[in-house]
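Proteins get letters first, then strands, A, B, ... in listed order; numbering begins at 1 in each.
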2 protein chains.
Amino acid sequence: MTESTELLYPQKWLSKASTGDRVTCELRMQIISGRIESGTILSENKLAADFEVSRSPIREALKVLASENLIRLERMGAVVIGLKEKEIEEIYDVRLLIETFVFERLVKIDTKGVVRELSKILEMMKVAIKYQDPDEFSYQDVLFHETIIRTINHSYIMMIWNNVKPVMEALILLSMRNRFEEKYDDFARIVKNHQLYIEAIDTKNRDLMIQSLHQNFDDVQGKVEDLWLSQQMLSKGVDPEK
Amino acid sequence: MTESTELLYPQKWLSKASTGDRVTCELRMQIISGRIESGTILSENKLAADFEVSRSPIREALKVLASENLIRLERMGAVVIGLKEKEIEEIYDVRLLIETFVFERLVKIDTKGVVRELSKILEMMKVAIKYQDPDEFSYQDVLFHETIIRTINHSYIMMIWNNVKPVMEALILLSMRNRFEEKYDDFARIVKNHQLYIEAIDTKNRDLMIQSLHQNFDDVQGKVEDLWLSQQMLSKGVDPEK
DNA sequence: ACTAGGATACTTGTATACAAGTATTATAAA
DNA sequence: TTTATAATACTTGTATACAAGTATCCTAGT
């Protein structure tokens with residue numbers, strides 16, 4: 001497989017990243033986007049040849065992706081698992097689990113600071129929409145949720161977040177790029193949901209928070225299937241089943 | 001630092017493990033036990049010299065320990081974080097989070113199989129007590145909870161478990177070794193709590209489950225401080241404050 | 001005495017070499 | 001034709017070499 005295909009991960013996010021990190025991010029995107037199909041067996045040597053790097057950063061990347069449940073390390077080669085509907089739902093479960101836990105802590109502390117911070121991020125998201133920059137929008141979206149989580153200062157919840165964050169980031173990135181081209185008016189709703197989330201935190205309204213959290217998920221999940229289909233058609237022609 | 005100190009991690013659990021895994025497990029135990037104090041700066045070269053292996057398995061170990069929040073990888077060296085009270089409580093949070101989630105799924109499915117399996121494990125735990133084998137007991141204890149979690153077939157919950165499991169394992173291991181020497185009759189209560197847990201799953205009694213989960217935590221947590229003190233005195237003499 | 005600058009001894013990240021083990025394939029014998 | 005065996009081409013795991021960057025310490029100059 002020659003390297004004639006373009007890179008999926010935003011290069012400007014990798015300005016100071018190591019080769020290992022670059023490989024990790026790019027491989028992750030290729031797996032989640034479906035460019036590398038699930039079931040594929042990856043070999044360290046082959047990947048090293050494809051990426052034109054040594055096995056060291058490749059090994060590093062595979063370890064990370066395995067910890068994210070995107071691949072499964074076996075005796076001979078790494079088997080690509082990828083993200084199917086089941087996995088997407090599971091990630092949703094985890095995110096719901098994390099953020100509801102976080103919310104329970106948030107209602108006990110002063111949230112003025114974080115509300116202000118979230119408002120700023122939301123403004124940034126609006127600007128990203130205005131200038132039609134899906135990558136910037138995705139970055140701010142992920143940052144939005146990370147900011148909320150970081151507030152409660154819980155290192156082991158943060159650990160969980162750090163494990164799901166890259167996958168979520170990739171998922172949102174792909175979804176947003178797709179929608180900037182087709183369903184541009186979706187973004188008004190997304191912004192509104194985030195506004196609702198901020199309000200929930202500000203007023204410490206538990207029900208409102210759950211509601212906006214679910215809606216926010218629907219925003220991503222609803223269009224994921226479209227994404228797959230387009231990606232799959234792009235990569236292997238037709239056959240949209242199985 | 002010459003290697004005149006004995007190994008903390010059960011060697012028989014490492015029969016087919018790679019050098020990297022051995023280093024990971026041993027380093028984890030040394031950090032959690034306090035033999036390596038928090039704040040210590042670890043260097044790859046020094047560790048490689050101490051363990052008499054190359055830097056490759058050391059690097060692997062440090063990456064894993066960093067993902068478990070036991071160390072923090074920085075520019076020059078890895079800073080040991082370790083487990084203080086705060087971290088222990090956080091791990092407890094995560095475990096409560098996971099297992100309550102799991103329970104909500106369990107009540108919706110047939111639990112005959114898992115109840116039987118758990119009963120078997122509990123029998124094994126009793127045997128381990130009878131023959132005063134703290135390592136075997138700890139193994140079965142961890143297996144008990146893993147079995148519960150595995151039942152719901154949720155790869156991303158499993159991912160979280162896989163991240164906290166090694167830390168919990170080490171914690172339980174150290175705690176149990178300590179208690180086999182001093183508070184032998186604690187085990188009757190532990191067994192009883194596990195019996196309660198099984199019953200909760202069998203009868204799908206949510207309250208009972210929460211109750212036994214909390215008690216089970218108290219079993220571990222209650223004695224953790226003793227453990228620290230003994231370990232700290234063992235490693236650096238006196239001074240039990242700060 | 002004190003500061004500036006450079007040599008030195010670290011650090012990590014990547015590439016490469018080697019060892020040991022496993023799947024595959026081809027060949028030879030029944 | 002089928003089966004057993006041996007050679008080969010993989011695989012991963014570990015060790016080592018090298019490059020680039022950073023902290024430290026020592027020296028020289030003021």
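- Side-chain contact of A:Glu90 with B:Ser155: a donor-acceptor pair under 3.5 Å is present, judged by distance alone.
- In this structure, CZ of A:Arg59 is placed 8 Å from C1' of D:dT14, rounded to the nearest angstrom.
- The distance between atom CD of A:Glu44 and atom C1' of D:dG13, rounded to the nearest whole Å, is 9 Å.
- Side-chain nitrogen and oxygen atoms of A:Asn45 include at least one within less than 4.0 Å of the OP1 or OP2 phosphate oxygen of D:dT11.
- Side-chain atoms of B:Ser18 lie closest to D:dT14 of the nucleotides D:dT14, D:dT11, C:dT14.
- Considering only side-chain atoms of B:Pro57, the nucleotide from C:dT14, D:dT14, D:dT12 that sits closest is D:dT14.
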For residues 58-67 of chain A, which side-chain donor-acceptor pairs fall under 3.5 Å, sequence neighbours excluded?
{"unit_1": "A:Arg59", "atom_1": "NH1", "unit_2": "A:Glu44", "atom_2": "OE1", "d": "3.4"}
{"unit_1": "A:Arg59", "atom_1": "NH1", "unit_2": "A:Glu44", "atom_2": "OE2", "d": "3.1"}
{"unit_1": "A:Ser67", "atom_1": "OG", "unit_2": "A:Val64", "atom_2": "O", "d": "2.8"}

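- Judged purely by distance below 3.5 Å, without hydrogens or angles, the side chains of B:Arg179 and B:Ser175 pair a donor atom with an acceptor atom.
- Here the C1' atom of nucleotide C:dT11 and the CD1 atom of B:Ile41 are 11 Å apart, to the nearest Å.
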- Per-nucleotide protein contact string for nucleotides 16-25 of chain C (B base, S sugar-phosphate only, - none; heavy atom under 4.0 Å): BB--------

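- Note on B:Thr19: a side-chain N or O is less than 4.0 Å away from OP1 or OP2 of D:dT14.
- By the side chain to side chain contact (heavy atoms under 4.5 Å, CB included) test, B:Val79 is found to be paired with B:Ile41, B:Arg72, B:Glu74, residues two or more places apart in sequence or in another chain being considered.
- Rounded to whole Å, atom C1' of C:dG13 lies 16 Å from atom NZ of A:Lys16.
- Sorted by first and then second residue, the ring-ring contact (aromatic ring centres under 6.0 Å, His included) pairs with a member in residues 8-34 of chain A read A:Tyr9-A:Trp13, A:Trp13-A:Tyr139; sequence neighbours excluded.
- The CD atom of B:Glu52 sits 16 Å away from the P atom of D:dT14 (whole-angstrom rounding).
- What separates NZ of A:Lys46 from P of D:dA9 is a distance of 19 Å, to the nearest Å.
- For A:Asn163, the side chain to side chain donor-acceptor pair (under 3.5 Å) criterion is met by no residue, not counting sequence neighbours.
- Applying the ring-ring contact (aromatic ring centres under 6.0 Å, His included) test to every pair with at least one member in residues 148-174 of chain B, sequence neighbours left out, gives these pairs: B:Phe101-B:His154.
- Atom pair B:Glu60:CD and C:dG13:C1' shows a separation of 16 Å (rounding to whole Å applied).
- Residue A:Ile58 contributes atom CD1, which lies 11 Å from atom P of C:dT14 at whole-angstrom precision.
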